[in-house]
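Here the structure comes first, spelled out in structure tokens, and everything after it is commentary.
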Number of protein chains: 2
Amino acid sequence: MTPTSSPSEPVQSAAASESGATAPIVVSAGARAILDAAAAAFAKASFDSVSIADIASQAGVCKANIFHHFKSKEALYLEVMREACKGHAEFAEALLADPTLSSVDKLRRLIEYDFRTLFGNEERSHLILREILDTGCRTGRTLVEPVFLRNFTAVVGLIRQGQQRAEFTTDVDPAVLAMMVGGAAMMLFQNRCSDGLLAGVDGSADPMACANTVFRTVLGGIAARGSSPATPSRLREIP
Amino acid sequence: MTPTSSPSEPVQSAAASESGATAPIVVSAGARAILDAAAAAFAKASFDSVSIADIASQAGVCKANIFHHFKSKEALYLEVMREACKGHAEFAEALLADPTLSSVDKLRRLIEYDFRTLFGNEERSHLILREILDTGCRTGRTLVEPVFLRNFTAVVGLIRQGQQRAEFTTDVDPAVLAMMVGGAAMMLFQNRCSDGLLAGVDGSADPMACANTVFRTVLGGIAARGSSPATPSRLREIP
DNA sequence: TAACTGACTGATCGAACGGTCAGTACCGTA
DNA sequence: TACGGTACTGACCGTTCGATCAGTCAGTTA
């Protein structure tokens, strides 16, 4: 590909102008193309599996140009992760602070939001999911960890709030429940995107239907109405 | 390290002799050391991040020796995954066929089994979790996929059985529920093993306590007793 | 003793990797 | 016209990768 028609025009992050919520930092059009190509590549494969040459080829620039815009491969990866993590925990925190909604409603909205964001931007979701699992790459972990910690803390707070308001039972650890919901969303997303791992699963077609199922199950359980409460002998009170 | 004291003695899989359930195939002591080292390495990092030199060093053999026992790096990886997947779906299938247990009991035992196996062999769990997420490596996927499909099918069948017996409500998609439970287990495991991602989470310390929480939540929900059934307007009947 | 087999090694291969560098083209400013 | 700065390139560097090779050694068989 030719060196582009009009060089050096510092547009305001091509991706940001259409999504509206990402990348306030001004980057050149060339750097933008590199970041986009890198995000796509790192979402599809692990850090070591992606080569600078691949990214350069995909971005339509030469290899050396990548090192002109970014200090190293790790720095590029870090920048990609920084953009992916932007504005992720705000929703849960705002929801927690909302005085008008019931905890049940908050929980439903949270689950719906989780599924919408997860399925709404598959590339970003894959990026973050991969980062969570890949314990080998500590550089990115330092970036993703606080994001997830903030989000997780808000969700736990939301559940605890519901327990204090007597909307939820107190015999469930909020942290474990938060991980249940998060894990369910991740699993359903991963299955959908791995095109065929568990292909043919009925309910996984519609993300919002899944979200609804998760919400109703967490709230009401699956025990047939009228049956005795589940194994009271094994109940464990949370202090 | 020296070339080992007594060469060429085809022992019956050192790991198998103590665990009792794995690797009926006879492999030489040298190959065994390579497989163990490779399993540990592939559990810690992605396929491309692990080098043959690393594995050789860890196994105490030279690089070329690995290619004497295994055709290629991919073949070695495939063999590692084959051992890791061995005997994974049998429990769920046996549980499904059991005529003596109630569906509620079956569900509890299944969740307990999931957590026990997941937390009981961290190396194997990491191996499989990584494989599920890493869509780039299709060679192993062909191996893991049927394993998970079998297990998943059995779990779905178990839930459907409970619905037919009127032990579970019929307004929940068994497939989505199965993924909920699996996702919860994975999330809790991953959090535990990533030493610090969500460190300080109360309930994640004891796997069996988590299993119990998941079971009770799935069965009974978290809605305070006496409250109205969860959002009946959004109920969706499964045909 | 001789022939054969399998386990194992050091040396080495070409390819691909991340990264560097001198040089070119284009810009706004003076 | 000259200059400094930015974007960008092809050629190249040293290293590491997976894989190959000829050859050594120990044990088994004839």
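Below, read A as the first sequence line, B as the second, and so on, with proteins coming before strands; counting in each chain starts at 1.
One can place CD1 of Ile52(B) at 20 Å from P of dA15(C), the figure rounded to the nearest angstrom. One can place NE2 of His68(A) at 13 Å from C1' of dC26(C), the figure rounded to the nearest angstrom. Atom CZ of Arg32(A) is separated from atom P of dA7(D) by 15 Å (rounded to the nearest Å). Atom CD1 of Ile55(A) and atom P of dA16(C) are 17 Å apart (whole Å). With rounding to whole Å, Tyr77(B) atom OH is found 20 Å from dA19(D) atom C1'. As a whole-Å value, the separation of Ile66(A) CD1 from dC21(C) C1' is 17 Å. Between Asp48(B) atom CG and dT16(D) atom C1' the separation is 13 Å, expressed in whole Å.
Residues Leu35(A) and Glu79(A) share a closest heavy-atom pair of CD2-CG, 3.7 Å.
Contact annotation: His69(B) does not reach the phosphate of dG6(C) (side-chain N/O to OP1 or OP2, under 4.0 Å). Between Asn65(B) and dT9(C) there is a side-chain N or O to OP1 or OP2 distance below 4.0 Å.
In this structure, the nucleotide among dA19(D), dG19(C), dT9(C) sitting nearest to the side chain of Lys73(B) is dA19(D). Set against dA19(D), dA7(C), dT9(C), the side chain of Ser28(B) has dA7(C) as its closest nucleotide.
For Arg32(B) and Glu83(B), the salt-bridge test passes: some basic side-chain N is under 4.0 Å from an acidic carboxylate O. Look at Arg109(B) and Glu112(B) and you find no salt bridge, because none of the NZ, NE, NH1 or NH2 atoms lies under 4.0 Å from a carboxylate O.
Between Phe91(A) and Tyr113(A), the ring planes are parallel. Angles under 30° get that label, and only those over 60° would be called perpendicular. The aromatic rings of Phe47(B) and Phe42(B) sit parallel to each other, their planes meeting at less than 30°, with 60° as the upper class boundary.
Atom CG of Asn212(B) sits about 9.5 Å away from atom CD1 of Ile111(B), to the nearest 0.5 Å.
Every residue was checked against the ring-ring contact (aromatic ring centres under 6.0 Å, His included) condition with Phe70(A), not counting sequence neighbours, and none meets it.
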Strictly under 3.5 Å: I want the nitrogen or oxygen pairs between protein and nucleotides 20-25 of chain D, one per line.
none

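Comparing Cys62(B) and Val50(A) by the nucleotide of DNA chain C whose heavy atom lies nearest to each, the residue mapping closer to the 5' end is Cys62(B).
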